Amino acid sequence: MLYMTVRTRFAPSPTGFLHIGGARTALFSWAFAKKHGGDFILRIEDTDVARSTPEAVQAILDGMHWLGLDYDEGPFYQMQRMDRYKQVLKTMMDAGSAYYCYSSREELDALREQQMANKEKPRYNGKWRPEVGKTLPEIPTDVKPVIRFKNPQTGVVAWDDLVKGRIEIANNELDDLIIARDDGTPTYNFCVVVDDSDMGITQVIRGDDHVNNTPRQINMLLALAEIDANIKLPKYAHLSMILGSDGQKLSKRHGAVSVMQYDDDGYLPEAVINYLARLGWSHGDDEVFSKQQFAEWFDLDHITPSAAQFNTEKLNWLNNHYIKAADLDVLATDITKRLARMNITVTAQPSIKDAIALYRDRANTLNELAQSIAYFYSQPQIDEAAKEKHITPDILPVMNALTAQLANTNWTTEALHAAIEHAVTSNGLKFPKVAMPLRVMLTGGAQSPSIDAVMCILGKEETLKRLAF
RNA sequence: GUCCCCAUCGUCUAGAGGCCUAGGACACCUCCCUUUCACGGAGGCGACCCGGGUUCGAAUCCCGGUGGGGACGCCA
C-alpha cells in the first residue's frame with residue numbers, strides 16, 4: 001500500500017461548551033493532520049437528541065474559531081446522516097452481526113443492579129442473542145426492540161495504541177452493546193464506526209476515556225469489513241486527561257470552563273494554544289512556540305501517557321510573553337473594548353498605545369492590562385494607606401513647589417525627569433521621596449512604571465489637576 | 001467489585017541501558033539592575049513511588065506491591 005492521506009477528526013458532542021480538554025484533543029488532531037499534509041475534519045456527534053443543543057454547537061464552533069483551529073471538512077452532523085446509519089444497520093442485521101433485543105429497560109436495570117450487588121461487572125446477559133440451536137424467548141408485544149451488536153465471545157481484541165502502546169482486551173469482557181435505540185436511532189459507538197469508516201479517518205486521536213470503547217468499535221469494524229472488504233481500521237491514539245490545578249478531574253461542576261472563558265479572562269489564543277501544546281507533549285526543552293511551529297514539530301511519539309495537571313501560573317507566564325510580543329494596534333483595540341466593559345471610555349489623549357507600551361511588561365492578562373491603565377481615563381481611587389505612608393507633612397512644601405514648577409515645564413519625559421531631579425537634589429532628598437507622592441496622587445497607588453513616563457502620557461493638564469496636595 | 005490505563009522536582013516536562021553528579025520551564029528564594037512595583041540578568045532550593053529481578057551497568061527492561069485515574073448507559 002502506498003501512502004494514504006492522513007485524515008483526522010475532532011468529534012465533540014454538542015452538550016456543552018468546548019472546554020480545555022476538548023480543545024487540546026482538537027489541537028492535537030489538527031496538528032497531526034497539518035504535520036502530514038492531511039485533512040482535519042469536524043464532526044458534531046449530536047445523536048443524543050435529548051441533550052444536544054444548537055447553542056452548544058455554536059459554542060464549539062466559536063471555541064474552534066477563537067483558537068484558530070480551522071477544519072478542512074465539516075462540520076458534519078450525525079443527525080443528518082441517519083439514512084446512512086439505517087442502511088448499515090440493515091446490512092448488519094442481514095449479515096447476522098446484529099440482532100433485536102426485547103429486554104425492557106426495567107429488566108436491564110434489575111439485571112445490572114443484581115450484578116453490581118454480586119460484585120460482577122455489569123453486562124448484558126445475552127438473552128436475545130441468537131445462536132445455532134438456541135430457542136429465543138417469545139417476543140413480547142409491549143416492548144419495542146433495540147438492536148444489539150453480536151460481539152465475538154472468544155479471543156482478544158488488540159490494537160497498538162499510538163500513545164499507550166499495545167492494549168489487549170478479552171472479548172469475554174465485552175457484552176453485546178446496543179447500537180440502535182428502541183426508536184430506531186443509532187447510538188454513539190455505532191455512529192463513530194460508520195463515520196470514521198465513511199470519512200476515511202486514518203488516525204483517531206481522542207480522549208483517554210474512549211479506551212474502553214475502542215475494542216467494541218474495532219469488533220464492529222471487523223464485522224463490517226467482512227461484509228465490505230474495502231473497510232479499513234484506523235489507528236488509535238488516546239490522550240490522557242487534563243486534571244484541574246488541584247489534581248482532580250475536570251467536570252462541569254469542578255473547574256471545567258469554556259475556552260471562551262479564557263478570552264473573557266484576558267488570555268490570548270496564542271498563549272492558550274502554546275500552553276495546551278506543552279500539556280502532554282514536548283519537543284525537547286522548547287517552551288515557547290507558535291501554532292505553526294507546533295504543527296511542524298508535532299508527533300505522537302512525544303506524547304506523555306500520564307495525566308497532566310492544569311497550571312494557571314505557567315499559562316500566565318506564557319500569556320505575558322504573548323502580550324509583550326503582540327502588535328500594539330491589536331492590543332489597543334482589545335484593551336479599549338475591555339475598558340468599555342468597565343464603563344471607561346478611551347479618549348485620543350492620553351494615548352492608549354503609549355499607555356499599553358508602558359504597562360504590557362507587567363500584565364499577565366489583558367484584563368490586568370486594562371485595569372492597570374484605567375487611571376489614565378478615569379480618576380484613580382487613591383490608596384489611603386499608600387497616601388499616608390508617602391505623603392507626609394514634611395514633604396508637602398517640596399511637592400507644592402514642584403507642582404508649581406511643573407506648570408512651566410516642557411512636557412517630555414526628559415524635562416519632567418529633570419524637574420523631579422531638581423526637587424530631589426535641591427532639598428537633599430532621595431528620588432523615591434519625591435517620586436512616591438507623585439505616584440500615589442497620579443495613579444492612585446504605590447506601584448507604577450517610571451513616574452516621569454506616566455506623567456508624560458497623562459498630559460500636563462490632567463497631571464496638574466491631580467497634583468492637589 | 002470487574003476490566004483497562006498511568007507513575008521523574010510543588011506543577012509541566014527532557015530522558016529510547018552507560019552521555020545522569022538526572023536537564024529545561026513555571027512557581028518559590030537570594031542577589032544584580034532600579035524611581036516604587038514589574039520586566040530583564042545571575043544564582044539557589046527541589047524529583048526518578050516501593051520491593052524484587054535481568055545486566056558489568058537500570059530513571060530507562062521484566063515481575064510484584066502501593067498509589068492515582070478511567071470505563072463498566074437505549075450518554076458521547
Side-chain angles (χ1 to χ4, degrees), chain A residues 11-15 45-48 50-52 78 101 103-105 108-109 112 115-123 144-148 161 164-165 167-170 173-175 177-183 185-189 191-192 206-215 238 240-241 243 245 247-249 275 278-288 301-302 304-318 320 324 359-364 372 386 390 417 420-421 424 430-436 438-440 443 445-453:
Chain A
S13 67
T15 54
E45 311 223 316
D46 54 357
T47 52
D48 185 355
R51 296 199 303 164
S52 297
Q78 289 187 321
C101 165
S103 294
S104 67
R105 291 168 198 255
L108 260 16
D109 288 345
R112 186 160 30 237
Q115 288 167 329
M116 292 285 251
N118 292 344
K119 303 196 184 293
E120 287 164 30
K121 184 171 183 164
R123 68 223 300 189
K144 284 172 72 183
V146 297
I147 296 175
R148 284 186 186 271
D161 197 277
K164 290 178 183 293
I167 298 178
E168 285 188 1
I169 283 145
E173 286 294 333
L174 273 20
D175 63 356
L177 74 158
I178 292 171
I179 56 178
R181 303 177 177 90
D182 61 11
D183 64 1
T185 59
T187 61
Y188 167 74
N189 277 296
C191 296
V192 167
R206 66 198 347 178
D208 211 325
D209 46 338
H210 287 290
V211 168
N212 296 274
N213 292 323
T214 306
H238 288 100
S240 59
M241 3 191 315
L243 308 171
S245 18
Q248 296 299 299
K249 188 195 176 181
Y275 179 71
R278 281 292 287 111
L279 215 50
W281 176 84
S282 62
H283 185 266
D285 287 340
D286 292 307
E287 294 286 352
V288 181
D301 299 333
H302 291 83
T304 318
S306 54
Q309 221 169 295
F310 194 89
N311 183 243
T312 308
E313 273 78 37
K314 191 158 182 181
L315 207 213
N316 283 345
W317 171 74
L318 275 170
N320 172 252
K324 286 190 283 190
Y359 272 93
R360 70 197 318 192
D361 283 357
R362 57 191 66 215
N364 281 334
S372 64
H390 298 291
H417 183 82
I420 299 168
E421 193 67 55
V424 167
K430 295 277 192 196
F431 201 100
K433 188 75 179 157
V434 176
M436 290 310 289
L438 291 174
R439 212 173 327 257
V440 173
T443 73
Q447 294 100 43
S448 85
S450 296
I451 198 60
D452 36 32

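Throughout, a chain's letter reflects where its sequence line sits, starting with A, and its residues are numbered from 1. Here the structure is a predicted model, which is why all the values come from computation and not from measurement.
Taking atom CG of residue L174(A) and atom C1' of nucleotide rC72(B), one finds them 10 Å apart after rounding to whole Å. If you take CG of N189(A) and P of rA71(B), they are 13 Å apart, rounded to a whole angstrom. The interatomic distance linking L315(A) (CG) with rA27(B) (P) rounds to 12 Å, in whole Å. Distance D285(A) CG to rU13(B) P: 14 Å, rounded to the nearest Å. With rounding to whole Å, I179(A) atom CD1 is found 12 Å from rC74(B) atom C1'. To the nearest angstrom, P of rC4(B) lies 16 Å from CG of D175(A). The nearest whole Å value for the distance from the CG atom in D286(A) to the C1' atom in rC26(B) is 16 Å. Atom-to-atom, NZ of K121(A) to C1' of rG73(B) comes out at 14 Å; the value is rounded to the nearest Å.
Taking CD1 from I178(A) and OG1 from T187(A), the interatomic distance works out to 7.5 Å, rounded to the nearest 0.5 Å. Expressed to the nearest 0.5 Å, how far OG1 of T312(A) lies from OH of Y275(A) amounts to 7.0 Å. Note that the CD atom of E173(A) and the CG atom of N212(A) stand 10.5 Å from one another [nearest 0.5 Å]. Summarising the geometry, atom NZ belonging to K121(A) is positioned 13.5 Å from atom CZ belonging to R112(A); distances are rounded to the nearest 0.5 Å. The distance from the CG atom of L438(A) to the NE2 atom of H390(A) is 12.0 Å, given to the nearest 0.5 Å. Put simply, OG on S372(A) and CZ on R360(A) are 12.0 Å apart, with the number rounded to the nearest 0.5 Å.
Remark on RNA chain B: of its neighbouring residues R148(A) and Q309(A), the 5'-side contact belongs to Q309(A), judged by nearest-heavy-atom nucleotide. Along RNA chain B, the nucleotide nearest H283(A) and the nucleotide nearest E287(A) are compared for position; the residue whose nucleotide lies closer to the 5' end is H283(A).
Considering only side-chain atoms of K164(A), the nucleotide from rA27(B), rC6(B), rC74(B) that sits closest is rC6(B). Taking only side-chain atoms of M436(A), from C-beta outward, the nucleotide of rU36(B), rU13(B), rA25(B) with the closest atom is rU36(B). Side-chain proximity of A308(A) to the nucleotides rC6(B), rC12(B), rG15(B) is greatest for rC12(B). Of the candidate nucleotides rC74(B), rC26(B), rC6(B), rC74(B) has the atom nearest to the side chain of L108(A). In this structure, of rC4(B), rC26(B), rU13(B), it is rC4(B) that holds the atom nearest to the side chain of I167(A). Residue E173(A) has its side chain nearest to rU2(B) when only rA76(B), rG1(B), rU2(B) are considered. Comparing rC6(B), rA14(B), rA76(B) by their nearest atom to the side chain of S282(A) picks out rA14(B). Between rG24(B), rC26(B), rU2(B), one nucleotide has an atom nearer to the side chain of N311(A) than all others, and that is rC26(B).
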Check against side chain to side chain contact (heavy atoms under 4.5 Å, CB included), Y188(A) and D48(A): CA-CA 8 Å; Y188(A) 167 74; D48(A) 185 355; over 6 Å; no
Walk me through whether D209(A) and M241(A) qualify under side chain to side chain contact (heavy atoms under 4.5 Å, CB included). CA-CA 8 Å; D209(A) 46 338; M241(A) 3 191 315; over 6 Å; no
Run the numbers on K164(A) and D208(A) for side chain to side chain contact (heavy atoms under 4.5 Å, CB included), then give the verdict. CA-CA 10 Å; K164(A) 290 178 183 293; D208(A) 211 325; 3.3 Å; yes
Run H238(A) and H210(A) through side chain to side chain contact (heavy atoms under 4.5 Å, CB included) and show every step you take. CA-CA 7 Å; H238(A) 288 100; H210(A) 287 290; 4.0 Å; yes
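The separation of rU66(B) from rC28(B), taken at their P atoms, amounts to 38 Å, rounded to a whole angstrom. The P atoms of rG23(B) and rA59(B) are separated by 14 Å, rounded to the nearest whole Å. Spacing of C1' atoms, rA71(B) relative to rU55(B), comes out at 38 Å, to the nearest Å. Taking atom C1' on both rC32(B) and rG10(B), the two are 27 Å apart, rounded to the nearest angstrom.
The side chain of R112(A) places an N or O atom within less than 4.0 Å of a non-bridging phosphate oxygen (OP1 or OP2) of rG73(B). Between T187(A) and rC74(B) there is no side-chain polar atom (N or O) within less than 4.0 angstrom of OP1 or OP2. In terms of phosphate contacts, H238(A) brings no side-chain nitrogen or oxygen within less than 4.0 Å of OP1 or OP2 of rC4(B).
Residue contacts shown for G207(A) are absent, as no nucleic acid heavy atom lies under 4.0 Å away. Looking at heavy-atom distances under 4.0 Å, T47(A) makes contact with sugar-phosphate atoms alone, never a base. Using a 4.0 Å heavy-atom cutoff across all strands shown, I451(A) reaches at least one base atom of the nucleic acid. Among the heavy atoms of the strands lying under 4.0 Å from S306(A) are primed sugar atoms or P, OP1, OP2 only; no base atom is included. Residue contacts shown for S240(A) are absent, as no nucleic acid heavy atom lies under 4.0 Å away. Residue-level contact check: P215(A) touches neither bases nor backbone, having no heavy atom under 4.0 Å from any strand. Using a 4.0 Å heavy-atom criterion, one finds that P122(A) contacts the bases of the nucleic acid, with or without backbone contacts as well. Residue-level contact check: V211(A) touches the backbone only, with heavy atoms under 4.0 Å from sugar-phosphate atoms and none from bases.
Taking 3.5 Å as the limit, the base of rC12(B) and the side chain of K314(A) contain a donor-acceptor pair of atoms between them. A donor-acceptor contact under 3.5 Å is formed by the side chain of N213(A) with the base of rA76(B). Interface remark: the E120(A) side chain does not form any donor-acceptor pair with the rG1(B) base, using a distance-only criterion of under 3.5 Å.
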What N/O pairs connect the protein and nucleotides 38-42 of chain B at under 3.5 Å? Give each pair on its own line.
unit_1  : atom_1 : unit_2  : atom_2 : d
rA38(B) : N3     : R362(A) : NH2    : 3.2
rC39(B) : O3'    : K324(A) : NZ     : 3.0
rG40(B) : OP1    : K324(A) : NZ     : 3.2

Distances for protein N/O vs nucleotides 66-70 of chain B N/O pairs under 3.5 angstrom?
unit_1  : atom_1 : unit_2  : atom_2 : d
rG70(B) : N2     : N212(A) : OD1    : 3.4

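Base pairing of rC74(B): no nucleotide in any strand meets the Watson-Crick or G-U wobble criterion (both distances under 3.5 Å). Partner assigned to rU36(B) is none, using Watson-Crick or G-U wobble distances below 3.5 angstrom. Pair assignment for rC49(B): rG65(B), on the basis of Watson-Crick or G-U wobble contacts that are both within less than 3.5 Å. The pairing partner recorded for rA27(B) is none, the criterion being a Watson-Crick or G-U wobble arrangement whose two distances lie under 3.5 angstrom.
The one candidate from L177(A), I179(A), T214(A) that meets the side chain to side chain contact (heavy atoms under 4.5 Å, CB included) condition with N189(A) is L177(A).
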